[in-house]
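The basis for the numbers below is simple: all heavy atoms, side chains too, and nothing from hydrogens, waters or symmetry mates.
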Amino acid sequence: MTEERLRRWRLLLGPSAEDVAQLGDDDQRRDGALTGLYGGGSDRGAGLGASSPQLHRWLGDVRKYFPTSVVQVMQRDAVEKLGLRQLLLEPELLQSVEPDVNLVSTLLQLSRAIPARTRDTAKAVVRKVVEDIEKRLKDRLVEAVRGAVDRSRRTRRPQLQDVDWATTIKANLKNYQPQHKTVIVEDLIGHRRRSRTAAMRDVILLVDQSGSMAESLVHAAVLGSALASIRSVSTRLVVFDTEVADLTDQLSDPVDLLFSAQLGGGTDINRAVAYAQTQVRRPTDTVIVIISDLYEGGSEAELQRRVRELVASGVTVVNLLALTDSGTPAYDHELAAKLSALGAPAFACTPDKFPELLAAALRKDDLTQWAESEGIATGR
């Protein structure tokens with residue numbers, strides 16, 4: 001067995017396997033960080049303890065000796081395994097962590113307990129993650145939605161500043177004149193001008209804020225904020241547990257929006273959908289996205305009746321069982337199948353796929369066919 005493989009086995013097995021290989025100084029620090037969190041044989045078990053300075057050093061070692069993806073896993077395990085939630089409410093510790101969506105979810109669940117001296121630090125951690133998600137997804141979402149909304153508004157008599165030159169040239173290639181090396185343009189293709197204040201589509205995001213949906217709420221807040229920046233779309237974001245809160249007026253700052261949410265509690269999807277019904281102005285131009293694992297604590301029969309009415313009126317209703325990167329979610333398969341049969345399909349959607357999914361919904365594409373073509377699992 002090579003020296004490198006022996007070294008890896010030694011780090012995996014911990015101090016109880018110290019005869020397997022000798023560790024250098026850096027590896028001893030790595031081993032110490034792993035020992036503090038995971039133990040390992042009779043020699044392990046002291047844990048990180050409740051000392052803030054000790055935890056602060058451990059966080060520093062973890063960030064120094066492990067890649068970011070591993071750091072995030074170890075931090076999450078530390079919070080869960082060692083009961084360190086209260087310690088993460090201390091500013092000096094929050095400044096030491098590697099921000100990620102899971103840490104943000106923990107902070108949001110603890111938001112009511114965060115003391116005033118730590119709140120600004122906690123918000124800075126959340127803002128870092130929000131900005132990372134925005135960088136990854138905002139431009140794609142804006143481009144996909146604008147393309148879907150404007151698709152039906154092409155005109156062959158545009159003003160010069162509204163000409164879509166790429167589409168115009170492609171449409172007139174049949175008129176190419178080789179001797180002059182030019183295209184004779186017979187038809188100008190572009191977009192009709194629209195009022196700066198007139199939205200062409202309405203999107204209502206209904207977001208389950210029960211504890212299990214924390215990561216989905218983070219992504220929904222960021223994506224909702226991006227949608228709100230598009231003039232051609234009117235966006236509402238509503239969170240719910242057993243009560244309903246319309247947070248649309250906070251979409252300009254997703255961090256403040258997230259700290260306004262109240263994670264935890266039960267789930268009454270029917271009540272949230274009832275509220276959404278009151279906000280529908282133009283059924284055929286409205287998309288309602290329910291982001292929930294569909295474990296209904298309210299009236300399932302009433303929920304199905306409302307969804308049936310919305311779909312019959314022309315509203316596009318979509319159920320997202322989760323909006324996360326963390327794999328297939330747990331959800332109520334039976335209710336998902338019933339809602340899908342009513343014309344409100346259910347999907348497990350990653351944030352990266354959300355722009356294309358929403359664009360397909362705005363175009364009124366067959367969402368089940370779209371999901372199958374994209375390899376997205378449907379909840380049925």
Side-chain angles (χ1 to χ4, degrees), residues 141 144-145 147-149 151 201-208 212-213 215-217 219-220 223-224 227 233 235-238 240 267 269-270 272-277 279-280 282-296 298-380:
L141 178 65
V145 169
V149 171
R151 193 181 203 186
R201 296 287 191 278
D202 297 332
V203 176
I204 303 174
L205 303 177
L206 299 179
V207 189
D208 186 338
S212 61
M213 298 298 294
E215 188 178 340
S216 295
L217 175 62
H219 286 108
L223 292 165
L227 276 174
V233 175
T235 304
R236 303 198 75 82
L237 189 143
V238 178
F240 65 92
T267 306
I269 308 170
N270 174 56
V273 173
Y275 176 78
Q277 278 187 300
Q279 303 302 307
V280 175
R282 305 170 297 178
T284 58
D285 291 327
T286 300
V287 175
I288 295 177
V289 182
I290 303 170
I291 303 174
S292 173
D293 53 18
L294 299 182
Y295 288 113
E296 173 65 309
S299 172
E300 188 176 308
E302 281 292 296
L303 171 61
Q304 292 181 61
R305 179 183 64 78
R306 293 184 192 283
V307 170
R308 184 184 298 108
E309 290 174 354
L310 285 166
V311 172
S313 71
V315 175
T316 299
V317 182
V318 185
N319 295 286
L320 294 189
L321 306 168
L323 192 56
T324 72
D325 292 308
S326 52
T328 304
Y331 65 94
D332 188 323
H333 291 254
E334 185 176 348
L335 182 54
K338 289 177 180 177
L339 295 179
S340 294
L342 294 174
F347 309 98
C349 182
T350 65
D352 286 332
K353 286 292 186 183
F354 182 78
E356 289 75 23
L357 173 61
L358 183 57
L362 290 167
R363 292 193 302 264
K364 292 191 173 293
D365 292 352
D366 185 316
L367 294 180
T368 300
Q369 287 186 6
W370 175 86
E372 289 174 354
S373 70
E374 295 291 326
I376 295 176
T378 57
R380 48 178 179 170

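Across A144 and P355, no two heavy atoms sit closer than the pair CB-O, 3.7 Å. When every heavy atom of A336 is checked against every heavy atom of A346, the shortest pair comes out as CB-CB, 4.0 Å. The shortest non-hydrogen separation linking A220 to V207 is CB-CG2, 3.8 Å. What you find for T324 and S216 is that their closest heavy atoms are CG2-OG, 3.3 Å. Closest heavy-atom contact between P329 and A348: CD-CB, 3.6 Å. The minimum heavy-atom distance linking M213 with A322 is given by the pair CE-CA, 4.4 Å.
Counting heavy atoms of neighbouring residues, nucleotides and ligands inside a 6.0 Å radius, atom CD of E374 exceeds 12 of them.
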Could you walk me through whether V145 and V203 pass side-chain contact (heavy atoms from CB on, under 4.5 Å), step by step?
CA-CA 11 Å; V145 169; V203 176; over 6 Å; no
Taking it one step at a time, do V311 and L342 satisfy side-chain contact (heavy atoms from CB on, under 4.5 Å)?
CA-CA 8 Å; V311 172; L342 294 174; 5.6 Å; no
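At least one side-chain heavy atom of L206 sits under 4.5 Å from a side-chain heavy atom of I288. Side-chain contact check for S292 versus Y331: every heavy-atom pair is 4.5 Å or farther apart. The side-chain heavy atoms of F347 and L321, taken from C-beta on, include no pair separated by under 4.5 Å. At least one side-chain heavy atom of V280 sits under 4.5 Å from a side-chain heavy atom of V315. Using a 4.5 Å heavy-atom cutoff, the side chains of I204 and T235 are not in contact. You'll find the side chain of Y295 reaches within 4.5 Å of the side chain of D332, heavy atoms only. Here the side chains of V287 and D202 are not in contact, with every heavy-atom distance at 4.5 Å or above. In this structure, W370 and D366 have side chains that are not in contact, with every pair of non-hydrogen atoms separated by 4.5 Å or more.
Here the straight-line distance linking atom CZ of R236 with atom CD of Q279 works out to 4.5 Å at 0.5 Å rounding. The line from CD of Q277 to OG of S313 is 8.0 Å long, rounded to the nearest 0.5 Å. Note that CG of L357 and SG of C349 are 5.0 Å apart. Values are rounded to the nearest 0.5 Å. Atoms OG1 and CG, on T316 and L367 in that order, are 7.0 Å from each other to the nearest 0.5 Å. Once rounded to the nearest 0.5 Å, the distance linking CD1 of I290 with CG of L205 reads 11.0 Å. I291 contributes atom CD1, which lies 5.0 Å from atom CG of L323 (distance to the nearest 0.5 angstrom).
The closest donor-acceptor contact from the side chain of K364 to the backbone of T284 lies under 3.5 Å. Listed for the H219 side chain is no donor-acceptor partner under 3.5 Å among the backbone atoms of P351. Remark: the backbone N or O of A344 is paired with a side-chain donor or acceptor of N319 at under 3.5 angstrom.
Pairs engaging residues 283-296 under the salt bridge (charged side-chain N to carboxylate O under 4.0 Å, His left out) rule: R201-D285 [sequence neighbours left out].
Using a 4.0 Å cut-off between charged nitrogen and carboxylate oxygen, R306 and E309 do not count as a salt-bridge pair.
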